[in-house]
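Notes to accompany the following structure.
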Amino acid sequence: MNLILKPGREKSLLRRHPWIFSGAVQRVEHDPAAGATVDIFSSGGDFLARAAFSPQSQIRARAWTFANEPVDAEFFRGKIRAALAKRLTLNVQRSTNAIRLVYAESDGLPGLIVDRYGDVLVLQSLTTGSEFWKQTIADILLEETGLSAIYERSDADVRELEGLPSVTGILRGTITNLQLPTLAPGASAGVTIYENDLKFSVNFSEGHKTGFYLDQRANRLRVRELAQGRDVLDCFCYTGGFTVNALAGGATSVLSVDSSAEALKLVGENVARNGLSAQSHAWREGDVFQLLRKFRDEGRSFDMIVLDPPKFAPTAAQAEKAARGYKDINLLAFKLLRAGGLLVTFSCSGGVDASLFQRIVAGAALDAGVDAQIVEHLAQASDHPVALNFPEGMYLKGLVCVKG
Ligand code: SAH
């Protein structure tokens, strides 16, 4: 089955960018099924790539390979082996048993995310292509990792764009090594993972993404190193990754804020699980935008503020609205910081790149009337690599700023 591009639309594929947008397509031959493999040709008839067909998505096809090679089980085995080998080289497993093993386009496997939490793999299939090969991929994952259980979390919103329904549940194995011994349909499932000698409860059946923000691993450690003797405010704390690290790093106090009551329940558990002082820890359920204002009006202040909000702008189209949100919270945070205080601020919006984010934070400091310097640039952890031909894979950026 073939997909032929309009004249001149082969440039991005020649640079090995894997996406073929619907507007670049001249015609599709033989009516391929969703997820089926199609050969991509230029208008002049040159073979360009072999790709997964997505009839409903604006991204009409995603390249599996730019070579004239079969796309079959052995192809996927090769890609998965390469992804696993890369993680071994990175030595991530030295400090944690919670690792992103496959990161979609960055590992040459568009639409496929595989995270390992202890002995359980959590798989997220986001596109028709990964869906088409899902069972084959599941078998290969078990063979190549030696593990026996896969839980599926294919419930991300982006599946709608592909015309795919939400799917969650056990994909392979029995998942016996959980805290909850049996996993009834719809019941939550969890596992305790460790990360740099700290332990965390991860609920991979209901938590955000696949259960834990693995991408913040290195940044959590950095916060731990910087927290000594500080009064810390952890905004958008989720299950307390930064909170636990700040307490472990000797923070005088940590206040954790999130709008999710379920997430906050796990924060307390995670603090206790690590033998950290409950007296130094407080939490508030609420909206960060409102609470920061309230704290400002009450004249409260902190020595370190972590801002790790959810994605405000998935694409560049929403960047302007997102910029207002980022500016608002960063401005308030600068005001709440004491002199010498640290702002650890993140954006995970694909639509806001690192230089725009830095400009937003600079604008926030200016409007807050504070002097501040960037002392560190932060990014996603190394098991979330960015393929040079796919810059979209770079989404998490952070700044550590010191208030003068
Ligand atoms: N820092 C966390 C990840 C944060 S994810 C970690 O390292 O694990 C973003 C969190 O923001 C989610 O837990 C979500 O419940 C919360 N959230 C989203 N909007 C919010 C708002 N307006 N106010 C407070 N929390 C919010």
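Atom set for the values below is all heavy atoms of this structure, side chains included, hydrogens, waters and symmetry mates excluded. Whatever order the structure lists them in is the order used to number ligands and atoms, beginning at 1. Nothing fancy with the numbering, it's 1 onward along the sequence.
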> Any idea how Trp19 and Phe390 line up, ring-wise: parallel (<30°), tilted (30 to 60°), or perpendicular (>60°)?
Replying inline: perpendicular
>> Check the orientation of Phe295 and Phe302. Use parallel for under 30°, tilted for 30 to 60°, and perpendicular for over 60°.
In response: tilted
> What distance separates Leu307 CG from Ile329 CD1, expressed to the nearest 0.5 Å?
Replying inline: 5.0 Å
> Is it the side chain (CB and beyond), the backbone, both or neither of Ala263 that lies under 4.0 Å from ligand 1, heavy atoms counted?
Replying inline: neither
> atom 23 (N) of ligand 1: which protein heavy atom is closest, and how many Å away?
Replying inline: Val288 N, 2.9 Å
>> I'd like the name of whichever of Ser260, Cys348, Pro310 reaches closest to atom 19 (N) of ligand 1 through any heavy atom.
In response: Pro310
>> Which residue is it: Arg217, Arg100, Arg153? I am looking for the one with a salt bridge (charged side-chain N to carboxylate O under 4.0 Å, His left out) to Asp115.
In response: Arg100
>> side chain to side chain donor-acceptor pair (under 3.5 Å), that's the test. Do Glu131 and Ser125 meet it? Break it down for me.
In response: CA-CA 6 Å; Glu131 199 66 20; Ser125 160; 2.7 Å; yes
> At a 4.0 Å threshold, what atoms of ligand 1 neighbour a non-hydrogen atom of His208?
Replying inline: 12 (C), 13 (O), 14 (C), 15 (O)
> Can you list the steps and then say if Leu112 with Ile137 is a side-chain contact (heavy atoms from CB on, under 4.5 Å)?
Replying inline: CA-CA 9 Å; Leu112 180 71; Ile137 286 170; 3.8 Å; yes
>> So is Gln290 touching ligand 1 or not, going by heavy atoms under 4.0 Å?
In response: no
>> List ligand 1 atoms under 4.0 Å from Gly286, heavy atoms only on the residue side.
In response: 23 (N), 24 (C)
> Can you list the atoms of ligand 1 that are under 4.0 Å from a heavy atom of Phe242?
Replying inline: 1 (N), 7 (O)
> Which is closest to atom 13 (O) of ligand 1 in terms of heavy atoms, Asp258, Leu291, Thr243?
Replying inline: Asp258
> To the nearest 0.1 Å, how far is atom 9 (C) of ligand 1 from its closest protein heavy atom, and which atom is that?
Replying inline: Asp308 O, 3.7 Å
>> Give me the residue, atom name and distance of the protein heavy atom closest to atom 4 (C) of ligand 1.
In response: Phe236 O, 3.1 Å
> Just heavy atoms, cut-off under 4.0 Å: does Cys235 contact ligand 1 by side chain, backbone, both, or neither?
Replying inline: neither
> If you measure from CG on Leu198 to CZ on Arg224, what distance do you get to the nearest 0.5 Å?
Replying inline: 4.5 Å
>> Under the criterion ring pair (Phe, Tyr, Trp, His ring centres under 6.0 Å), I'd like the reasoning laid out for Tyr213 against Tyr238: C-alpha separation, chi angles, the key distance, then a yes or no.
In response: CA-CA 9 Å; Tyr213 286 83; Tyr238 187 52; 5.0 Å; yes
>> Which of the numbered atoms in ligand 1 are under 4.0 angstrom from any heavy atom belonging to Tyr238?
In response: 2 (C), 3 (C), 4 (C), 8 (O), 13 (O)
> At what distance, to the nearest 0.5 angstrom, does CG of Leu90 lie from OG of Ser382?
Replying inline: 4.5 Å
>> Just to confirm my output: which protein heavy-atom neighbour is closest to atom 7 (O) of ligand 1, and how far is it?
In response: Arg220 NH1, 3.4 Å
> Which atoms of ligand 1 have any heavy atom of Asp287 under 4.0 Å away?
Replying inline: 21 (C), 22 (N), 23 (N)
> Mind checking whether His384 and Tyr103 have parallel, tilted or perpendicular rings, split at 30° and 60°?
Replying inline: tilted
> What residue and atom, counting heavy atoms only, is the protein's closest point to atom 26 (C) of ligand 1, and at what distance?
Replying inline: Ser259 OG, 3.1 Å
> Atoms of ligand 1 less than 4.0 Å from Cys237 heavy atoms?
Replying inline: 2 (C)
>> At under 4.0 Å between heavy atoms, is it the side chain or the backbone of Tyr213 that contacts ligand 1, or both, or neither?
In response: side chain
